[in-house]
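Contents: one structure, followed by commentary.
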There are 2 protein chains.
Amino acid sequence: MIESRTTASALAGADTTSAPSTRVQLIAAGRKLFGQRGFDGSSIRAITDEAGANLGAVTYHFGSKRGLYSAVLEEGLRPMAARVTEAASAGGTALDRMLRIVRAYFEHFETHPDLPHLLLQEVAAGKQPPPVVIEIVRGVKETIAGLHVEGQTDGSVREGHPVLTALSVVSQPVFMTLVAPMLATVGPFDLREPAARRLALEHSLAFVRAGLEPREDLQP
Amino acid sequence: MIESRTTASALAGADTTSAPSTRVQLIAAGRKLFGQRGFDGSSIRAITDEAGANLGAVTYHFGSKRGLYSAVLEEGLRPMAARVTEAASAGGTALDRMLRIVRAYFEHFETHPDLPHLLLQEVAAGKQPPPVVIEIVRGVKETIAGLHVEGQTDGSVREGHPVLTALSVVSQPVFMTLVAPMLATVGPFDLREPAARRLALEHSLAFVRAGLEPREDLQP
DNA sequence: GATTCAATCATACGTTCGTATGAATACGCG
DNA sequence: CGCGTATTCATACGAACGTATGATTGAATC
């Protein structure tokens, strides 16, 4: 059996000067097609066509279709998690940093609108995602939940369940991006347009702030 | 070509006394498998096996695989939309009814946990859902957005964008149900358990209420 | 009991799927 | 240049797919 080139090519992935390698093109095509049509809806032939590569390229570089899927997931999630971590470790109160996380998500999904669907499609099926995905998601969850705990010591966030609070916060950018196509279908409001996205960002910031802030009338 | 039996059987669908018909079993199996594995991930053979029906049954009763998918979507969405409409037309302030909608979603998803994934999987792909689905979703959107407008005249809801507010409200039950399997994978918190669901419901009610209520300190 | 028609059945067809294989080509290094 | 490794290529294979077909069954109607 042919050994997957994944590891070797990943090590060589630091090369940013060469022409776009087949491997990179495959990941880009995979992100696009998996995100749009799902795993089962995207054939290897469609992916290699999109990437301008040979039919055998996926098997050669990633071992299998699922191998490519894992790589796509990892390369899509890692920069997002990095943004979240960065926003969470900036200055200001815990609430400030929560809101910065919301902003970071919106900004990231502006250039990667397929990411929420890509991540949720398999997971909603109850299947086990690749281990690296579990690790990344767990990290994000704990970052935000930790911020909630911190917010209760510095008084910037009201009391509540840390994990559920994290879900409520993350749900805003993720859900809005997820339903954008359907929303555009049922009405004249297209969240994929920049102006509408700005509105959505400001609305989400206000909504999350109101949902997290301690109530002055209860804490006089 | 064989004509689909959809219409005729739908008319006969008022019969609730007979043994579970093949048609009903197919929709149940379709809801389960489409919801869990997606449209492309569910083969007609898997569906007819699950339903205890013959391979040809889907083609006979629904014309095609996509015909069954439309029927599953419609039969899953209609009761949900009815619950929302009912909650929206009850008594109390607009905010009260918004919160009742959140509760209605949670209750509905408790018995139909696959519904969010079922609805969002295709739509996130940018495909046009069946017309009946578009109509139902539009109705729900306008019901909640109308409630938001009403809430500003009765003073129970703060100002904001009606559609975005509707999204923020709906996102809580939908997103929590959607990510439940992944959340259980990355941590010890399983939103599919009744106790956790109760927590999530109460958290969501508090979060949405805080996000919608006018701030007393701004409106003295 | 014969007729009729909706429903179910076993089976077949052509296509597309993921993957495997071996030849052909490109490339770095002595 | 020549050799060895890495990559790309055309092609093949068996399996699974959605759908079509025609025979068979079941129950109601006369």
Side-chain angles (χ1 to χ4, degrees), chain A residues 1-15 17-30 33-34 36-72 122 127, chain B residues 1-15 17-30 33-34 36-72 122 127:
Chain A
M1 182 195 287
I2 296 179
E3 186 73 12
S4 164
R5 293 288 110 201
T6 303
T7 307
S9 299
L11 292 176
D15 176 15
T17 63
S18 70
S21 70
T22 298
R23 188 192 144 85
V24 169
Q25 302 262 99
L26 285 175
I27 289 189
L33 292 180
F34 286 146
Q36 285 179 358
R37 307 199 221 285
F39 180 80
D40 293 300
S42 308
S43 71
I44 287 190
R45 284 168 175 82
I47 291 169
T48 49
D49 281 0
E50 172 80 25
N54 184 266
L55 171 60
V58 167
T59 303
Y60 179 75
H61 285 283
F62 301 94
S64 70
K65 183 183 179 184
R66 192 152 288 271
L68 170 62
Y69 183 69
S70 293
V72 165
E122 282 260 293
K127 287 193 232 175
Chain B
M1 181 193 288
I2 296 178
E3 185 74 11
S4 164
R5 291 290 109 202
T6 303
T7 308
S9 298
L11 292 174
D15 175 13
T17 63
S18 69
S21 70
T22 298
R23 188 193 145 84
V24 169
Q25 303 262 97
L26 284 174
I27 288 188
L33 293 180
F34 287 147
Q36 286 179 357
R37 310 199 220 286
F39 181 79
D40 293 300
S42 308
S43 71
I44 287 189
R45 284 167 176 83
I47 292 169
T48 50
D49 281 0
E50 172 80 25
N54 184 267
L55 171 61
V58 167
T59 304
Y60 179 75
H61 286 284
F62 301 94
S64 69
K65 183 183 179 184
R66 193 152 287 272
L68 169 62
Y69 183 68
S70 293
V72 166
E122 283 260 294
K127 287 193 230 174

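Below, chains carry the letters A, B, ... as their sequence lines are ordered, and counting in each starts from 1.
B:Phe39 is not listed as a side-chain neighbour of A:Asp40, based on a closest heavy-atom distance of 4.5 Å or more. Contact annotation: the side chain of A:Thr48 never approaches that of A:Asn54 to less than 4.5 Å [non-hydrogen atoms, C-beta and beyond]. Considering only heavy atoms from C-beta on, A:Phe34 comes within 4.5 Å of A:Ile47 through its side chain.
Scanning all heavy atoms of the two residues, the minimum distance from B:Ala57 to B:Thr22 falls at CB-CG2, 4.0 Å. Scanning both residues, B:Ala53 and B:Leu26, for their nearest heavy atoms gives CB-CD2, 4.2 Å.
If you take CZ of B:Arg23 and P of C:dA7, they are 10 Å apart, rounded to a whole angstrom. The interatomic distance linking B:Phe62 (CZ) with C:dT8 (P) rounds to 11 Å, in whole Å. Regarding B:Tyr60, its OH atom lies at a distance of 17 Å from the P atom of D:dA23, rounded to whole Å.
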Tabulate atom names and distances for all N/O pairs under 3.5 angstrom spanning the protein and nucleotides 14-19 of chain D.
residue : atom : partner : partner atom : Å
D:dC17  : OP1  : B:Ser43 : OG           : 3.4
D:dG18  : OP1  : B:Lys65 : NZ           : 2.6
D:dG18  : OP2  : B:Ile44 : N            : 2.8
D:dG18  : N7   : B:Arg45 : NH1          : 2.9
D:dG18  : O6   : B:Arg45 : NH2          : 3.1
D:dT19  : OP2  : B:Lys65 : N            : 3.0

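Considering only side-chain N and O atoms, A:Asn54 lies under 4.0 angstrom from the phosphate OP1 or OP2 of D:dA10. In terms of phosphate contacts, A:His61 brings no side-chain nitrogen or oxygen within less than 4.0 Å of OP1 or OP2 of D:dA6.
With B:Lys65 contributing its side chain and B:Ser42 its backbone, the two residues share a donor-acceptor pair below 3.5 Å.
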